[in-house]
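For the single chain, residues carry numbers from 1 onward in sequence order.
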Amino acid sequence: MPPVRRGTARGGANVRRTGERWRAPYGSDPAASRGRLIAEPASPTRSDFQRDRDRIVHSAAFRRLKHKTQVFVHHEGDHYRTRLTHTLEVSQIARALARALGLDEDLAEALALAHDLGHTCFGHTGEDALHACMAEHGGFDHNAQALRLVTRLERRYATFDGLNLTWETLEGLVKHNGPLLTRDGRPTPHYAEGGIPVAITEYNALNDLELATFAGPEAQVAALADDIAYDAHDLDDGLRADLFGLDDLNEVPFLAGLLDEIRTTYPGLERSRVVHELARRVITRFVEDVIAEAERRLAALQPADAAAIRHAAAPVVAFSEPMAAADRDIKTFLFARMYRHPGVMAVRRRAAAIVEDLFSTFRRDPTRMPEEWSAGLVGPDDPRTPRRVADFIAGMTDNYAVSQHRRLFAETPDLHWVIWPGREGGGE
């Protein structure tokens, strides 16, 4: 007989089979959605959150994730993650967490699938370069860009721009990392210096996303799923690329413990299987911890609905303190050994130069962009030009950005890389 789970956060005697779907009172209910900015007839076959998910999957921005960098440029190997494969892994983890906690799986999946839509070509390198180019024009923020895409830039429907997603999906897209404003209306620390991005404030004036509250529970799930996915797969990709070795992971106590478990259980296991077993266990431990910690917080809060979670004093879906420390340790290790690896940094500098060259060229002469992007602009002094150029570049895949640079310049930086000589560390 399949095992059963009994959880106080689910209502005392509530019993279900492992993996079975259920909805808790605090889960977002599509039948009670606050709806869409532009009213549409209901679908006879899908909930509002299912429609949101489907619209995201069928968007051009989602397809472009296939050739956008996660850490490595896409052509370095078929097995490294891209933004698309990362997004799919986040989606799988988000659904698992949502099901375990009695949340709406479709909304959690929609938010996971949309969370990286606003990323530029060349990963965070492209975002940093574009933000610097836009410093005098409101900057660039990938969360704000995702909102622009789903509310303005996608043009698939006859009667509106964007995807016309539900309030809950848009709220979660903007606030999945937490409130943007304090309760007294000041920007939170992340936005204290530059302010809330204009794309968010402009849309919020039309459709109040309640920027001073937490997002709903499904968005909190998607945010944690993102952390779990890239902790695991960046370790996997870094090991595959020989940026560091298995023995180097002993610097992180949590990972050292998992490796000891694997070696004790499977002595002599080949390296490739050790790596996969490690990634699997990282995901499992984090997922199980999030479920246990969320159930503990839910039992303490006893939220009657999703609104109670939004107005709580702290996130309801979170890591326990020991696992939060493990997450910080992994990120610190990856920052030093992977994201700031000399070989990766050399490619980042060349990728940033491509973005900077493209921006300066299109900024001076918008007609060098395709007509659909340059239409209506009256030249470099048109105040709309910088943001239009940023929208164009942000939507580029790595491939397209390189091809555009080759079209416009005699020489284009080579983005292939090799392991930096003199790397310390190594395999087992």
Side-chain angles (χ1 to χ4, degrees), residues 9 24-29 32-37 94 97-98 101-104 107-108 110-112 114-115 118 131 138-148 150-151 165-227 290 293-321 323-325 327-328:
Y26 48 77
S28 297
D29 183 356
S33 169
R34 300 193 197 185
R36 307 178 189 278
L37 184 62
L97 290 171
L101 295 171
L103 307 177
D104 189 278
L107 178 56
L111 290 164
H115 84 280
H131 180 64
F140 181 87
D141 177 271
H142 73 265
N143 280 336
Q145 190 67 17
L147 183 67
R148 282 178 65 79
V150 301
T151 59
L165 303 177
T166 61
W167 184 93
E168 290 78 8
T169 299
L170 295 173
E171 180 232 18
L173 185 61
V174 169
K175 298 181 346 193
H176 62 273
N177 288 324
L180 278 64
L181 297 174
T182 61
R183 296 298 171 93
D184 58 1
R186 292 177 292 109
T188 51
H190 180 75
Y191 294 105
E193 183 176 349
I196 308 300
V198 172
I200 295 175
T201 58
E202 287 182 346
Y203 184 81
N204 197 64
L206 298 174
N207 189 12
D208 185 7
L209 299 178
E210 300 178 358
L211 301 181
T213 66
F214 285 96
E218 290 81 5
Q220 295 183 30
V221 156
L224 268 291
D226 185 26
D227 281 337
V290 169
E293 179 66 13
E295 288 184 331
R296 185 187 70 79
R297 295 187 182 202
L298 288 164
L301 183 64
Q302 290 292 310
D305 52 25
I309 290 177
R310 290 188 175 91
H311 288 88
V316 168
V317 184
F319 296 129
S320 67
E321 185 46 47
M323 290 301 277
D327 174 61
R328 290 192 296 270

field: Audit row: N143, H176, side chain to side chain contact (heavy atoms under 4.5 Å, CB included) steps and yes/no
entry: CA-CA 10 Å; N143 280 336; H176 62 273; 3.4 Å; yes
task: Might you work through the side-chain hydrogen bond (donor to acceptor under 3.5 Å, both in side chains) test for S28 and E218, ending with a clear yes or no?
output: CA-CA 8 Å; S28 297; E218 290 81 5; 2.7 Å; yes
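Minimum interatomic distance between A114 and A146 (heavy atoms only, all atoms of both residues): O-CB, 4.4 Å. In terms of heavy-atom proximity, Q220 sits nearest to V316 at OE1-N, 2.9 Å.
Counting heavy atoms from C-beta outward, T169 and L107 have side chains that approach closer than 4.5 Å. For the pair T182/T188, a side-chain contact is recorded, criterion being any heavy-atom separation below 4.5 Å from C-beta on. The shortest distance between side-chain heavy atoms of H131 and D141 does not fall below 4.5 Å. Within the 4.5 Å cutoff, side-chain heavy atoms of L298 are placed close to those of I309. At a threshold of 4.5 Å between non-hydrogen side-chain atoms, the residues W167 and L37 do not count as touching. N207 has its side chain out of reach of T151: every pair of non-hydrogen atoms, C-beta onward, lies at least 4.5 Å apart. N204 places none of its side-chain heavy atoms less than 4.5 Å from the side chain of I196. A 4.5 Å side-chain heavy-atom check between L170 and Y203 finds at least one atom pair inside the cut-off.
R34 CZ: more than 12 foreign heavy atoms inside a 6.0 Å radius.
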